[in-house]
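Beneath this line is the structure, given in structure tokens, with notes to follow.
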Number of protein chains: 2
Amino acid sequence: MTDVNRGSNPLFLRDEDLREGIEMLFFAYRDFTTKPDAILAEHGFGRAHHRVIYFVGRHPGIAVKELLAILKITKQSLARVLRRLVAKGFVEQRRGVEDGRHRLLFLTAAGAELEARLTADQRARIARAYREAGADAVAGYRRVLTGMVDDEGRARVGRPGRGP
Amino acid sequence: MTDVNRGSNPLFLRDEDLREGIEMLFFAYRDFTTKPDAILAEHGFGRAHHRVIYFVGRHPGIAVKELLAILKITKQSLARVLRRLVAKGFVEQRRGVEDGRHRLLFLTAAGAELEARLTADQRARIARAYREAGADAVAGYRRVLTGMVDDEGRARVGRPGRGP
DNA sequence: GATTTACGTCAGTCATATTGACGTATATGC
DNA sequence: GCATATACGTCAATATGACTGACGTAAATC
């Protein structure tokens, strides 16, 4: 086991500490989705639409299969969400040039605008928390959360582009 | 604005940094719920049942209204979940002594056992991430996440008992 | 005694997700 | 070139989770 007691104080993990960690994650996620949910409701969209818009914006030209790997849902679930986003003109599909089987996904101008609106509150929330906590705390936040996600997801965070 | 640049390095927040923060939260939450979801499926339960079991275990004797305030869902949504948990013998309702209108919620022995199973993976996950990251990082994680939740939720984290 | 509070419930609706099966177009390997 | 694998779409059935709106009951409070 590496890096035990690396900090200034030894790490005694009581059940109470662990539960606090669980709850903070729950509350943060809950409050993190409140504002976007309200914006999505204007269009009759749900949280799933937000996730698709976010990751398509983050990885322009992402293929359906790669998006499925990020979201970890079935293609049937994604299809229904994607269908509406395309129908309403927020997402655009283009046939892949190198591999004609791929349907590459892009945000339209309207999609990019909606993405910005949806993410604005979340970005502001993160920025505020980061500034109030300070750079050292941000580094700690990143270290802990990175340790919490599975290897596969760890590789995916903060690496924009087409994917592997 | 307080506490800006409190750490060893000044805080320049690029869009990239903020998005990374958003994504880590998404992936952590996603991976955090995978294992419990599988256990819940054995009983035909969903994530909502886990949340109720967790918070009833955390606050034995909590009233329905207080639970609704934590979960931020409608009483109709809670009722359906609670009904099944009571019917299957995981949660128990007792009429309040001081105030006869309250239905106080408790886990049964089976409920406590299920709660332990459900939370085991999450606790292990947090514990591992905490140990690998070190005490300083944990303090940072807590600082940042605390800044992210709304005031109301902030007061609720890590304060077991009956509630206000 | 009237009002408020806490809780339960019926009814209808919608979004998100699942499994399973089938079809089509394209790429790849022998 | 043909067989197979891959990427994607779709139809169908089903379940959970959440909502709004309305109505009822019991207990506390003013």
Side-chain angles (χ1 to χ4, degrees), chain A residues 26 29-30 33-34 36-53 56 61-88 91-105 162-164, chain B residues 26 29-30 33-34 36-53 56 61-88 91-105 162-164:
Chain A
F26 168 75
Y29 196 81
R30 187 197 62 175
T33 48
T34 304
D37 283 352
I39 298 171
L40 291 158
E42 298 170 14
H43 299 273
F45 290 154
R47 212 171 279 178
H49 298 85
H50 185 187
R51 293 197 280 261
V52 169
I53 287 176
V56 170
I62 192 174
V64 171
K65 191 196 177 187
E66 183 66 13
L67 187 53
L68 285 173
I70 291 178
L71 300 175
K72 284 192 180 168
I73 58 174
T74 59
K75 63 174 175 174
Q76 293 91 329
S77 294
L78 176 58
R80 190 175 25 76
V81 171
L82 209 46
R83 196 154 39 217
R84 282 189 56 198
L85 287 173
V86 171
K88 287 210 174 189
V91 170
E92 198 175 48
Q93 288 173 308
R94 295 183 215 152
R95 179 174 295 250
V97 180
E98 290 180 9
D99 189 329
R101 294 172 300 179
H102 292 307
R103 297 290 177 280
L104 308 182
L105 305 172
R162 267 292 308 280
Chain B
F26 168 74
Y29 195 81
R30 188 198 61 175
T33 49
T34 304
D37 284 352
I39 297 171
L40 291 158
E42 298 170 13
H43 299 272
F45 291 154
R47 209 170 284 176
H49 299 87
H50 186 188
R51 293 196 279 262
V52 169
I53 287 176
V56 169
I62 191 174
V64 171
K65 191 196 178 189
E66 183 66 14
L67 187 52
L68 285 173
I70 290 178
L71 300 174
K72 284 192 180 167
I73 57 175
T74 59
K75 62 175 176 174
Q76 293 91 330
S77 295
L78 176 58
R80 191 172 29 76
V81 171
L82 209 46
R83 194 153 41 217
R84 282 191 53 198
L85 287 173
V86 171
K88 288 212 173 186
V91 170
E92 200 175 48
Q93 289 173 306
R94 295 184 215 149
R95 180 173 294 250
V97 181
E98 290 181 7
D99 190 330
R101 294 171 301 179
H102 293 305
R103 297 291 178 279
L104 308 183
L105 305 172
R162 266 293 308 280

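Here is the naming used below: chain letters follow the sequence lines, and residue numbers restart at 1 for every chain.
Here D/dC8 is the nucleotide among D/dC19, D/dC8, C/dA6 with the atom lying nearest to any side-chain atom of A/R103. Side-chain proximity of A/A48 to the nucleotides D/dC8, C/dT9, C/dT16 is greatest for C/dT16. Comparing D/dT16, C/dT26, D/dT10 by their nearest atom to the side chain of B/R84 picks out D/dT16. Nearest nucleotide to the A/A79 side chain, out of D/dT10, C/dA15, D/dC8: D/dT10. The A/A63 side chain lies nearest to D/dC8 when the options are C/dT5, D/dA18, D/dC8.
Residue A/H49 places no side-chain N or O under 4.0 Å from the OP1 or OP2 atom of C/dA15. Phosphate proximity of D/dC19 to B/S77: present, with a side-chain N or O under 4.0 Å from OP1 or OP2. Close to C/dC7, at under 4.0 Å from its OP1 or OP2, lies a side-chain N or O of B/H102. Dashed line: the shortest gap from a side-chain N or O of A/T74 to OP1 or OP2 of C/dT18 is under 4.0 Å.
Counting non-hydrogen atoms under 4.0 angstrom, B/G44 reaches the backbone sugars and phosphates but no base.
Here the side chain of B/R103 pairs a donor or acceptor atom with the backbone of B/R101 at under 3.5 angstrom. Counting only distance, with no hydrogens or angles, the side chain of B/R84 and the backbone of B/G44 share a donor-acceptor pair below 3.5 Å.
Going from atom CD of A/Q93 over to atom C1' of D/dG9 covers 10 Å, rounded to whole Å. In this structure, CG of A/D99 is placed 10 Å from P of C/dT26, rounded to the nearest angstrom. Remark: C1' of C/dA25 and NZ of A/K65 are 17 Å apart, rounded to the nearest angstrom. Per the geometry, CZ belonging to B/F45 stands 14 Å off P belonging to D/dA18, to the nearest Å. Atom C1' of nucleotide D/dA12 and atom NZ of A/K75 are separated by 14 Å, given to the nearest angstrom. Rounded to whole Å, the distance from CG on B/L78 to C1' on C/dT9 is 13 Å. Per the geometry, CZ belonging to B/R83 stands 13 Å off P belonging to D/dG17, to the nearest Å. Remark: P of C/dA15 and CG of A/L71 are 18 Å apart, rounded to the nearest angstrom.
Using a 4.5 Å heavy-atom cutoff, the side chains of A/I73 and A/L68 are in contact. The shortest side-chain heavy-atom distance between A/R95 and A/H102 does not fall under the 4.5 Å cut-off. Side-chain contact check for A/H49 versus A/L85: some heavy-atom pair is nearer than 4.5 Å.
Taking 3.5 Å as the limit, the base of D/dA18 and the side chain of B/R80 contain a donor-acceptor pair of atoms between them. In this model, a side-chain donor or acceptor of B/Q76 finds a partner on the base of D/dG21 within 3.5 Å.
Comparing B/G46 and B/E98 against DNA chain D, the residue whose closest nucleotide sits nearer the 5' end is B/G46. Nearer to the 5' terminus of DNA chain C, by closest-nucleotide assignment, is the contact made by A/K72 (compared with the other of A/K72 and A/R95).
Atom NZ of B/K88 sits in a crowded spot, with more than 12 heavy atoms from other residues, nucleotides or ligands closer than 6.0 Å.
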